[in-house]
Amino acid sequence: MIKFKILTAYPEMFPGSLNHSLIGKALKENIFKIDTINLHDFGIDNRKSIDDEPFGGGPGMILRPDVVEKALLSITNKNHLNTTKIYLTPSGTLLNQRKLGILSKLDEIIILCGRFEGIDQRAIDILGFEEVSIGDYVLAGGEIAAQVLLEGCIRLIPGVLGHPESLLEESFSNNLLEYPHYTRPQVWEDSQGNKHDVPEVLISGHHDNIKKWRKNKSVEKTKKVRTDLLIKREQKQD
Ligand code: ADE
């Protein structure tokens with residue numbers, strides 16, 4: 001069972017979205033476990049502060065390294081070989097499907113959620129956190145980012161998805177975006193009275209042609225919205 005240990009100033013934000021749908025079912029079935037560690041339990045002095053002003057000046061408050069270390073020492077389990085520590089921050093390396101695949105095979109993932117302006121760099125360097133970002137935009141804190149990372153990871157664990165074969169063809173496998181899907185009604189009449197057909201090949205029953213059509217659609221879509229992926233794909237094939 002994979003264990004996620006979340007260091008956060010807002011433990012009440014968990015499991016949050018992870019308590020629902022197929023991921024919620026996997027949580028109830030103990031396919032994964034989430035423990036939250038409240039950073040406030042490790043606050044310093046009689047005010048129990050966890051943050052302070054930045055040296056050198058500037059806006060916002062910075063999470064103290066001694067608080068992070070104390071919180072980490074409360075959970076570090078030397079028996080775990082397959083473990084990693086992640087600090088979620090917009091200035092980390094970008095999370096991608098490949099990384100999620102690697103993470104989903106670990107026994108334990110410790111995640112530090114930032115709030116405030118940031119965290120003392122020594123906590124990252126000395127305590128060995130890998131900095132990971134979920135995208136080129138800035139959130140108010142790492143808690144939602146952690147839920148994104150967890151959900152992406154958990155759905156890759158065998159037994160979690162209802163249709164595991166859907167993992168094979170989904171977006172980003174082979175650096176392609178997924179082809180478009182269609183369902184009933186076969187002819188959809190919209191509220192303006194316009195009729196819209198499903199692409200004919202999909203109702204032809206001709207599996208080879210459907211496969212080819214889907215592949216072409218994938219390439220077409222990737223070319224249109226994510227040329228960067230297509231370039232990566234071509235480089236891999238060289
Ligand atoms: N915290 C704030 N913004 C973030 C992002 N883009 N990725 C990860 N953690 C964050």
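Atoms within each ligand, like the ligands themselves, are counted from 1 in listed order.
- At distances below 3.5 Å, not a single donor-acceptor pair connects side-chain atoms of S49 with backbone N or O atoms of D51.
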Pairs of donor and acceptor atoms involving the side chains of residues 142-157, under 3.5 Å and at least two apart or interchain, shall be tabulated with distances.
from : atom 1 : to   : atom 2 : distance (Å)
E143 : OE1    : R115 : NE     : 2.9
E143 : OE1    : R115 : NH2    : 2.9
E143 : OE2    : T8   : OG1    : 2.6
Q147 : OE1    : S17  : N      : 3.2
Q147 : OE1    : S17  : OG     : 2.9
Q147 : NE2    : M13  : O      : 2.8
R155 : NH1    : E170 : OE1    : 3.4
R155 : NH1    : E170 : OE2    : 3.1
R155 : NH2    : E170 : OE1    : 2.6

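- By the ring-ring contact (aromatic ring centres under 6.0 Å, His included) test, H181 pairs with Y179, sequence neighbours left out.
- The minimum heavy-atom distance linking I50 with L39 is given by the pair CG2-O, 3.5 Å.
- Partners of D190 under the side chain to side chain contact (heavy atoms under 4.5 Å, CB included) rule, at least two apart in sequence or in another chain, are W188, Q192, N194, H196.
- Counting non-hydrogen atoms of other residues, nucleotides and ligands closer than 6.0 Å to NZ of K48 gives a total above 12.
- Ordered by chain and residue number, the residues placing a heavy atom less than 4.0 Å from ligand 1 are L88, T89, P90, V132, S133, I134, G135, Y137, V138, L139, G141, A145.
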